[in-house]
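What follows is one structure encoded as structure tokens, with my remarks underneath.
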Amino acid sequence: MITRRFPVDLSIGYPLAGKFNTDRIVFFDIETTGFIADTSFLYLIGCIYYDGTSMQMIQWFSEDIREEALLISSFFEFIKDYELIVHYNGSGFDIPYLARKCELFGLDYSFKDIQSLDIYKRISPIKKIFGLKSYKQKSIESFLNIDRKDTFSGGELITVYQSYLGKKRLENLKKSRPDSIDTMAAGSISEPDEMLDALLQHNEDDTKGLVRITPILFYADLFEKPFQIAQAAIDGGRLVIRLEYDFCLPVRISFDTGTIFMNAYDNTVQICINTYEGELKYFYDNYRDYYYLPDEDRAIHKSLAIYVDKDHRVKAKPSTCYTKRYGLFVPQYLPVIAPCFKQEYSDKLTFVEVHADFLLQEDNLRSYIQHILRYISASRLSSSS
């Protein structure tokens, strides 16, 4: 087994250290010959960590498939003093793969004593806002304008590793013969060593990439962290809201739902919501206490209906128990602000009236904005990032 350790010029671009000491955080990535632990081999694990003065990388590489257990043991012994392990989709692959390998080899190791942060899982609920064709780690790196040296995919390297094993074995056999002659030119690199470099470089770039993409977590914070309302006003038939955060986004994004447009850049988010100007209905819940007046197309309470001729009133039904309001409205996808209005009783979409009090009452406005952010994160979005 080859163990390779060297410094890396990196810094963590997201405040993971707010909860964990930097020297208790480790990033990791694995390389295998397949997705099923029972029928494939683990041949490389890379970790990046902080040693108290600088970021370091360590890699364990299996030169022989019989070294899997040694490789796994070396990794788990290394991470036993860490508090947080960071990965990309490791919850879906790397961690269960290693757990299964431990079972197969009878190794008493697990991830139960270390907390886990899966960057992919963290951004997955809001991944539509990026408008990417793929959400592999390389796609996130491209979105954040991160370059890498490696040009291989993990799948392509399976063949490279298999070829490496065969050519390395042949090279060792030749060297073991007493009459063997070294025909390699001085300073040249053997074919197995070229393959080894490619395998190590891919894992190095994957693991470095984990550190470099941590700022992607700021986008999840847009929908969860506190904000300041810097502006809320009607402009050109839209409700325009500007929010400010105590962090900055690395790349501008903009997207819309058809009704709501959102532009996020630096520490600012601007949300523009289409308004509806016209007449909407407010439906009373206790319809049995109301009468509907067909001539006036509205409902009134039975305490007042006794003064209306019986020929001009009927008992209200849920769908006719309403009064009308003309005004300027914005949609709300859950009834978070009362009173809420509809076009028809069966409509799921409700509206809230936009007036001076609505814009000035910060608690209500904040509740409305939080609900809009939740809606955006769950919606089908058209991105133009």
Side-chain angles (χ1 to χ4, degrees), residues 1-6 27-48 57-79 87-107 109 120 134 136-139 141 148-177 180-185 187-210:
M1 184 180 74
I2 296 172
T3 301
R4 181 173 176 246
R5 193 189 303 254
F6 53 95
F27 297 79
F28 95 108
D29 184 68
I30 70 172
E31 310 299 336
T32 71
T33 63
F35 295 111
I36 312 252
D38 296 60
T39 57
S40 63
F41 298 102
L42 169 73
Y43 66 86
L44 178 56
I45 303 179
C47 288
I48 288 179
M57 180 159 193
I58 184 170
Q59 291 175 299
W60 299 275
F61 178 80
S62 172
E63 296 182 280
D64 189 300
I65 57 176
R66 291 170 294 185
E67 295 179 333
E68 271 190 298
L70 176 60
L71 190 154
I72 294 167
S73 297
S74 299
F75 166 71
F76 276 103
E77 286 298 317
F78 177 80
I79 67 165
H87 43 86
Y88 193 85
N89 198 30
S91 301
F93 176 64
D94 304 61
I95 289 176
Y97 187 99
L98 287 173
R100 177 57 182 160
K101 282 293 184 181
C102 286
E103 290 179 11
L104 294 172
F105 287 113
L107 300 173
Y109 295 114
Y120 172 78
S134 163
K136 294 180 179 180
Q137 181 179 319
K138 283 186 179 181
S139 299
E141 290 175 19
R148 58 159 60 202
K149 295 179 182 178
D150 164 62
T151 58
F152 289 95
S153 69
E156 291 170 335
L157 288 176
I158 294 173
T159 302
V160 176
Y161 180 65
Q162 292 169 340
S163 297
Y164 167 82
L165 292 177
K167 291 181 182 296
K168 189 66 176 178
R169 188 176 297 113
L170 181 61
E171 184 182 78
N172 290 337
L173 284 173
K174 289 180 178 178
K175 289 180 178 179
S176 67
R177 294 174 182 171
S180 65
I181 301 174
D182 187 358
T183 59
M184 287 189 62
S188 63
I189 183 172
S190 70
E191 190 175 4
D193 285 343
E194 286 182 348
M195 293 177 177
L196 175 61
D197 286 347
L199 295 164
L200 293 172
Q201 185 67 60
H202 176 82
N203 178 255
E204 179 181 336
D205 282 4
D206 273 354
T207 316
K208 285 180 176 179
L210 276 175

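Atoms considered below: every heavy atom in the structure, side chains included; atoms not considered: hydrogens, waters and symmetry mates. In this chain, residues are counted from 1 in sequence order. Predicted model, so just to flag it, every value in this text is computed and none were measured.
- A distance of 10.5 Å separates CE in Met195 from CG in Asp193, rounded to the nearest 0.5 Å.
- The main-chain N or O of Ser139 is never found under 3.5 Å from a side-chain atom of Ser134 such that the two would form a donor-acceptor pair.
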* Asked: How far apart are the C-alpha atoms of Phe105 and Ser73, what are their side-chain angles, what is the distance that settles it, and do they pass the side-chain contact (heavy atoms from CB on, under 4.5 Å) test?
  -> CA-CA 10 Å; Phe105 287 113; Ser73 297; over 6 Å; no

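- Within the 4.5 Å cutoff, the side chain of Gln137 has heavy atoms near those of the Leu210 side chain.
- By the 30° and 60° cut-offs, the orientation of the rings of Phe35 relative to Phe93 is perpendicular.
- Of the inter-residue distances, the one linking Leu71 atom CG with Phe61 atom CZ reads 9.5 Å to the nearest 0.5 angstrom.
- In this structure Glu67 satisfies the salt bridge (charged side-chain N to carboxylate O under 4.0 Å, His left out) test with no other residue, sequence neighbours excluded.
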* **Test side-chain contact (heavy atoms from CB on, under 4.5 Å) applied to Gln59 and Thr3, step by step** => CA-CA 6 Å; Gln59 291 175 299; Thr3 301; over 6 Å; no

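- Test Phe75, Phe78, Tyr88 against Phe28 for side-chain contact (heavy atoms from CB on, under 4.5 Å) and you get one pass: Phe75.
- Rounding to the nearest 0.5 Å places CG of Leu170 at 10.0 Å from CD of Glu191.
- With 3.5 Å as the limit, one finds no donor-acceptor pair spanning the side chains of Ser91 and Tyr120.
- Distance check: His87 NE2 to Thr207 OG1 gives 13.0 Å after rounding to the nearest 0.5 Å.
- Side-chain contact between Glu31 and Leu199 is absent, with no heavy atoms from C-beta onward closer than 4.5 Å.
- A distance of 9.0 Å separates CD1 in Ile45 from CG in Asp94, rounded to the nearest 0.5 Å.
- Note that OG1 of Thr33 and CD1 of Ile65 are 8.5 Å apart. Values are rounded to the nearest 0.5 Å.
- Ion pairing of Arg148 with Asp206 is present here, as a side-chain N (NZ or NE/NH1/NH2) and a carboxylate O approach within less than 4.0 Å.
- Electrostatic pairing of Asp205 and Lys149 does not count as a salt bridge here, judged by no charged N lying under 4.0 Å from a carboxylate O.
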* Take Lys168 and Glu63, measure what salt bridge (charged side-chain N to carboxylate O under 4.0 Å, His left out) needs, and give me the verdict at the end. => CA-CA 8 Å; Lys168 189 66 176 178; Glu63 296 182 280; 5.0 Å; no

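- With salt bridges taken as basic N to acidic carboxylate O contacts below 4.0 Å, none links Glu141 and Lys138.
- Remark: Arg4 engages Glu204 in a salt bridge (charged side-chain N to carboxylate O under 4.0 Å, His left out) (not counting sequence neighbours).
- Looking at Met57 and Asn203, their side chains come closer than 4.5 Å, going by heavy atoms from C-beta outward.
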Can you give the donor-acceptor pairs under 3.5 Å from side chains of residues 157-167 to other protein atoms, not counting sequence neighbours?
from   : atom 1 : to     : atom 2 : distance (Å)
Tyr161 : OH     : Ser62  : O      : 2.8
Ser163 : OG     : Thr159 : O      : 3.0

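- With hydrogens and angles ignored, the 3.5 Å screen pairs a side-chain donor or acceptor of Glu68 with a backbone N or O of Leu42.
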